[in-house]
Amino acid sequence: MYNRPRRNRKNVIIRDLIQETHLSTNHLIYPIFLVDGTNKKEKIDSLPNIYRWSLDLLLKEIEECISLGIRFFDIFPAVDDSLKNNTASYSYAEDNFYLKGIRKIKETFPDIVLMSDVAMDPYSSDGHDGIVINGEIDNDETLPILAKMSIAQAQAGIDIIGPSDMMDGRVGYIREELDLHGFTNVSIMSYCAKYASAYYGPFRDALNSAPKFGDKKSYQMNPANKREALIEAELDISEGADMIMVKPATLYLDVIHMLKENFETPVTAYNVSGEYAMIHAAAQKGWLNYDNAMSEMLLSIKRAGADGILTYFAKDYAKLARNL
Ligand code: PBG
């Protein structure tokens, strides 16, 4: 035997030397949930160790995350049902606590990057990402609402707009409106290949945002399709997306890899709530080692080609990376 691949694995120094994929806290984006009020740290049963924070406590949490090396946050609003309506008008209301929160967070921590979510579902009485007209999700009537939401977020100081709604043409529509309002420096990370996945369940528990009827299959992608992601990516990039996202992550590593191979635009992946919940549940039962399973999951996403990873594991990974 002339070739023995095991020789290159025989000790940790050699293994480290030839390691192909490297993951650090710099590659992670931490999704966080904001709720109105003060002194709130609400548990989410299906998302262990993730909370709905009121702004006062969230500022402290962000400070702690910064001390661990996390610099990039994606913020989601948990909106009271009484503020939801068919047009999601609270999403751009003057007194919106989410917009006030963005403003305060950016003011307190000017050096972090803050990303938003743009879709109607957290504010919609129908629980859909677009406007419901005669029982259908109307694409073109949704675009101006998404644009209003984006402008309001840009005015509040957001760095990156994250359209997660999967309406056609929304990236271009939002880009144009941002530019018209002078926000040429505000980026767009589009949820580009977002699949109609069962793995968003815990997130919908966190925001109480599950669809009130039907499902999201008329706008989110069919999990059986891969080539269709090329169409979505081509469109989003041509409409001005600065980064394109695949979601969920580990069940769609082939899609991440394909987009990375085919486009120069940076690719990110959303390691979604269900992926996080699975590892937690198994670790709680003693069936998986939490740290090892988390690290391997995140590494696999990076290896597939993701430049950045949105993950609820960000804080735990950052601690692990620092041996805390
Ligand atoms: C809202 C949105 C969803 C997620 C991110 N933005 C849920 C959905 O589309 O139903 C899911 C994130 C996760 O599961 O962690 N449009």
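Whatever order the structure lists ligands and atoms in, that order sets their numbers, starting from 1. All residue numbers in this chain count up from 1 along the given sequence.
- Ring orientation note: the planes of Tyr191 and Tyr270 are tilted relative to one another, at an angle of 30° to 60°.
- Ligand 1 is never approached by Asp165 to a heavy-atom distance shorter than 4.0 Å.
- A donor-acceptor pair is defined here as one N or O able to donate and one able to accept, closer than 3.5 Å; no such pair exists between the side chain of Tyr199 and the backbone of Lys247.
- The protein heavy-atom contact nearest to atom 1 (C) of ligand 1 is Asp121 OD2, 2.9 Å.
- Side-chain contact annotation: Thr38 with Asp56, donor-acceptor N/O pair under 3.5 Å absent.
- Applying the 6.0 Å contact sphere to CD1 of Ile13 captures no more than 12 heavy atoms from other residues, nucleotides or ligands.
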Chi angles and distances behind the side-chain contact (heavy atoms from CB on, under 4.5 Å) call for Phe313, Met297: CA-CA 10 Å; Phe313 289 120; Met297 180 179 264; 3.9 Å; yes
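- With distances taken over non-hydrogen atoms, the option nearest atom 3 (C) of ligand 1 out of Phe203, Tyr219, Tyr200 is Phe203.
- A salt bridge does not link Asp121 with Lys84: every distance from a Lys NZ or Arg NE/NH1/NH2 to an Asp or Glu carboxylate oxygen is 4.0 Å or more.
- The single protein non-hydrogen atom nearest to atom 15 (O) of ligand 1 is Tyr312 OH, 2.6 Å, given as residue, atom name and distance.
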Asp165 vs Lys194, salt bridge (Lys or Arg N to Asp or Glu O under 4.0 Å): CA-CA, chis, key distance, verdict: CA-CA 9 Å; Asp165 54 283; Lys194 177 173 179 179; over 6 Å; no
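- Residue Lys148 places its NZ atom among 12 or fewer non-hydrogen atoms of other residues, nucleotides or ligands, all under 6.0 Å distant.
- Contact atoms of ligand 1 toward Ala119: 16 (N) (distance under 4.0 Å to a heavy atom of the residue).
- Heavy atoms from both the backbone and the side chain of Val272 come within less than 4.0 Å of ligand 1.
- The protein atom (non-hydrogen) at minimum distance from atom 8 (C) of ligand 1 is Lys216 NZ, 3.3 Å.
- Looking only at heavy atoms of the protein, atom 14 (O) of ligand 1 is closest to Ser273 OG, 2.7 Å.
- Closest to atom 9 (O) of ligand 1 among all protein heavy atoms lies Lys194 NZ, 2.6 Å.
- With a heavy-atom cut-off of 4.0 Å, Tyr276 does not touch ligand 1 at all.
- Heavy-atom contacts of Arg204 reach the following atoms of ligand 1: 8 (C), 10 (O) (cutoff under 4.0 Å).
- Scanning the protein for heavy atoms near atom 4 (C) of ligand 1, the closest one is Lys247 NZ, 2.5 Å.
- Atom numbering of ligand 1 starts at 1 in the shown order; those under 4.0 Å from a heavy atom of Ser164 are 1 (C), 2 (C), 6 (N), 16 (N).
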Worked verdict on Phe73 versus Phe109 for ring pair (Phe, Tyr, Trp, His ring centres under 6.0 Å): CA-CA 11 Å; Phe73 300 84; Phe109 308 107; 8.0 Å; no
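- With hydrogens and angles ignored, the 3.5 Å screen pairs no side-chain donor or acceptor of Lys106 with any backbone N or O of Leu114.
- Less than 4.0 angstrom separates some heavy atom of Tyr270 from each of these atoms of ligand 1: 12 (C), 15 (O).
- Every atom of ligand 1 with a heavy atom of Gln220 under 4.0 Å away is listed here by number and element: 8 (C), 9 (O).
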